[in-house]
Amino acid sequence: MKTAEIKIKTEFIKLDQLLKFAGMTDTGGIAKEIIAEGRIKVGGEVCTMRGKKIRPGDKVQIDELDTEIVVVK
């Protein structure tokens with residue numbers, strides 16, 4: 001599994017914004033669909049909340065892309 005570190009300057013970033021910011025999706029609409037379909041894991045658990053606050057240290061997994069995003073500050 002590939003790991004990508006994404007640096008943020010704020011306290012948190014919303015899950016849908018993170019996917020777009022990390023380049024995993026082209027648009028926020030696609031990110032919303034992927035999240036709603038239950039294809040994203042946050043901390044190892046499926047997450048369907050597109051507004052989920054992702055903070056530094058959190059890990060987001062996208063299994064079909066064999067990628068894990070780690071948020072750092």
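Note that the numbering runs from 1 along the sequence shown for the chain.
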In a table with atom names and distances, give each donor-acceptor pair under 3.5 Å that connects a side chain of residues 17-25 to protein atoms at least two apart or in another chain.
from  : atom 1 : to    : atom 2 : distance (Å)
Thr25 : OG1    : Thr27 : O      : 3.2

- Query: Do you reckon Val46 sits in the same ILVMFWY cluster as Ile62, going by side-chain contacts under 4.5 Å, direct or chained?
  - Reply: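 Looking at the clustering, Ile62 is in a separate group from Val46.
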
- Item | Linked, directly or transitively: Val42 and Ile30 (ILVMFWY side chains, under 4.5 Å) |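 Linked, Val42 and Ile30 end up in one cluster.
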
- Give me the one residue out of Ile6, Asp16, Leu15 that meets side chain to side chain contact (heavy atoms under 4.5 Å, CB included) with Ile54.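 Result for side chain to side chain contact (heavy atoms under 4.5 Å, CB included) with Ile54: Leu15.
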
To the nearest 0.5 Å, what is the distance between [atom1] ([X]) and [atom2] ([Y])?
| X | Y | atom1 | atom2 | result |
| --- | --- | --- | --- | --- |
| Lys7 | Ile13 | NZ | CD1 | 14.5 Å |
| Asp58 | Cys47 | CG | SG | 10.0 Å |
| Thr67 | Met1 | OG1 | CE | 7.0 Å |
| Met49 | Ile40 | CE | CD1 | 13.0 Å |
| Ile35 | Lys52 | CD1 | NZ | 12.0 Å |

- Query: Under the side chain to side chain contact (heavy atoms under 4.5 Å, CB included) test, which residues partner Lys32, sequence neighbours left out?
  - Reply: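 Arg50.
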
- Task: Please name all residues satisfying side chain to side chain contact (heavy atoms under 4.5 Å, CB included) with Thr10, sequence neighbours left out, ordered by chain then number.
- Result: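 So Thr10 forms a side chain to side chain contact (heavy atoms under 4.5 Å, CB included) with Ile8.
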
- Item | Counterpart residues, side chain to side chain donor-acceptor pair (under 3.5 Å), relative to Lys41 (two or more places apart) |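 Scan of Lys41 (side chain to side chain donor-acceptor pair (under 3.5 Å), adjacent residues dropped) gives Asp63.
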
- Residue list, side chain to side chain donor-acceptor pair (under 3.5 Å) with Glu11, at least two apart or on another chain: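 Only Arg55 meet the side chain to side chain donor-acceptor pair (under 3.5 Å) criterion with Glu11.
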
- Item | Residues which pass salt bridge (charged side-chain N to carboxylate O under 4.0 Å, His left out) with Glu37, listed by chain and number, not counting sequence neighbours |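 Only Arg39 meet the salt bridge (charged side-chain N to carboxylate O under 4.0 Å, His left out) criterion with Glu37.
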
- Message: If you count heavy atoms of other groups shown closer than 6.0 angstrom to CD of Glu45, is the number above 12?
- Response: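 12 or below, so no.
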
